[in-house]
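Below: one structure, written as structure tokens.
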Amino acid sequence: MSSQAIQSEVPVDDVVAPLRARLDAFPYRTVATRVGTVGYRCAGITSEAHDAHDAHVPVVMLHGIGSGAASWVAQLDASGLDVALYAWDAPGYGETSNVAEAEPHAEAYADALEAWLDALGLDRVALVGHSLGAIMATKFASRAPQRVRGLFLCSPANGYGKADPEARASKRDSRLAMLDKLGPDGMARERSDNLVAPDAADLPRAWVKWNMARVLPAGYRQATHLLSNGDVAGELAQYVSALAGPVAVAVGAVDGITPPAACETIARVAGVPLQIIEGAGHASYIETPDMLNAALGAWLDRVAAGER
């Protein structure tokens, strides 16, 4: 089956049926927090894990702007990641409450993340941020380094907070215009292929499309402002200076959204080598999950060893 066949012959829901079946093992949950409701999925959660965080560090996974908690299924059911995993729907996604501000900065999302972790009783965690999720992860880590035992940034979007005002406005407005013109279904149809490698297999290509079609316009609009206001490099520098935990930065070799050259800049801030995921585009955790999970496992070994 070709990618064109996905678009014109076979419904995407049918193509992704195997992944949706795997996702059923991790039922959707919601929890009330002091700033609203958060929806999430989790795996490897036991009473022992909750009672022994130092031995079983909880790993919290934060998705990108066109995605959601479900997109992490290949990490949730990975046999080699022997940890408690939590994947949230960010504010404005799934059943998670929107942030209050119409044009939010990262602080609002860090507030929501903190409230969610508190509601779950998770004091210290390791954070994985993909794309826009890296903005949320680094903001929280910079302001509460004592709660973050390590950072894994996958194809991090740096944000445009330090860019020229005209460039920021142009990036923001073009994305908002695309949302208004296409809506989630149209964006998934016309834009999701940009997130994967040109030769990506049909199943991961369809999974990216399926998840993008489920974004909510109000949440996506707020997330666009977050992207416009973000500054991963600046927040990361603060976390690194706190010596709180190891950092890893990875990117797909053919990522056209946050290309290796851009991610190299962020890796230099962290003082770590950039890890290149061969054969992957922007959504490496979906396209090449075994390779990405191996990188996560190596980073988690460093976290468990207490590296700084």
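Below, all heavy atoms of this structure are taken into account, side chains as well, without hydrogens, waters or symmetry copies.
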Please evaluate residues Arg147 and Asp123 with respect to the criterion side-chain contact (heavy atoms from CB on, under 4.5 Å), reporting the C-alpha separation (whole Å), side-chain torsions for both, the decisive distance (0.1 Å), and the verdict. CA-CA 6 Å; Arg147 298 191 65 172; Asp123 180 46; 4.1 Å; yes
Can you tell which of Leu117, Leu120, Val128, Val148 makes a side-chain contact (heavy atoms from CB on, under 4.5 Å) with Val60?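 Checked Leu117, Leu120, Val128, Val148 against Val60; only one passes side-chain contact (heavy atoms from CB on, under 4.5 Å): Leu117.
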Could you tell me if the side chain of [Y] sits less than 4.5 Å from the side chain of [X], heavy atoms only?
X      : Y      : result
Tyr93  : Leu216 : no
Met136 : Leu226 : yes
Arg41  : Leu23  : yes
Val57  : Arg124 : no

The test is side-chain contact (heavy atoms from CB on, under 4.5 Å); show your working for His282 and Asn194 and say whether it passes. CA-CA 8 Å; His282 190 59; Asn194 294 337; over 6 Å; no
Would you say the side-chain atoms of [X] pair up with the backbone N or O of [Y], donor to acceptor, closer than 3.5 Å?
X      : Y      : result
Ser228 : Thr224 : no
Asn158 : Ala233 : yes
Arg168 : Ala163 : no

Check the orientation of Trp72 and His130. Use parallel for under 30°, tilted for 30 to 60°, and perpendicular for over 60°.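 Trp72 and His130: perpendicular rings.
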For the residue pair Tyr40 and Tyr86, does the interplanar ring angle fall in the parallel (under 30°), tilted (30 to 60°) or perpendicular (over 60°) class?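 Correct class here is tilted.
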Just by distance, no angles: are the side chains of [X] and [Y] close enough, under 3.5 Å, to form a donor-acceptor pair?
X      : Y      : answer
Arg172 : Asn229 : no
Thr138 : Glu235 : no
Ser71  : Asn211 : no

Any salt bridge linking [X] with [Y]? Criterion: basic side-chain nitrogen under 4.0 Å from a carboxylate oxygen.
X      : Y      : value
Glu114 : Lys139 : no
Asp111 : Arg143 : yes
Arg221 : Asp180 : yes

Determine which pairs satisfy ring-ring contact (aromatic ring centres under 6.0 Å, His included) with at least one residue from residues 138-178, sequence neighbours left out, and list them in order.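 Residue pairs passing ring-ring contact (aromatic ring centres under 6.0 Å, His included), neighbours aside: Phe152-Trp299.
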Phe26 with Leu122, same ILVMFWY side-chain cluster at under 4.5 Å: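 They do share one cluster, since a chain of ILVMFWY contacts under 4.5 Å joins Phe26 to Leu122.
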Please walk me through it: do Leu274 and Arg268 pass side-chain contact (heavy atoms from CB on, under 4.5 Å)? CA-CA 8 Å; Leu274 178 64; Arg268 284 200 298 270; over 6 Å; no
For the residue pair Ser192 and Ala188, what are the closest heavy atoms and their distance?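 So the two residues come closest at OG-O, 2.6 Å.
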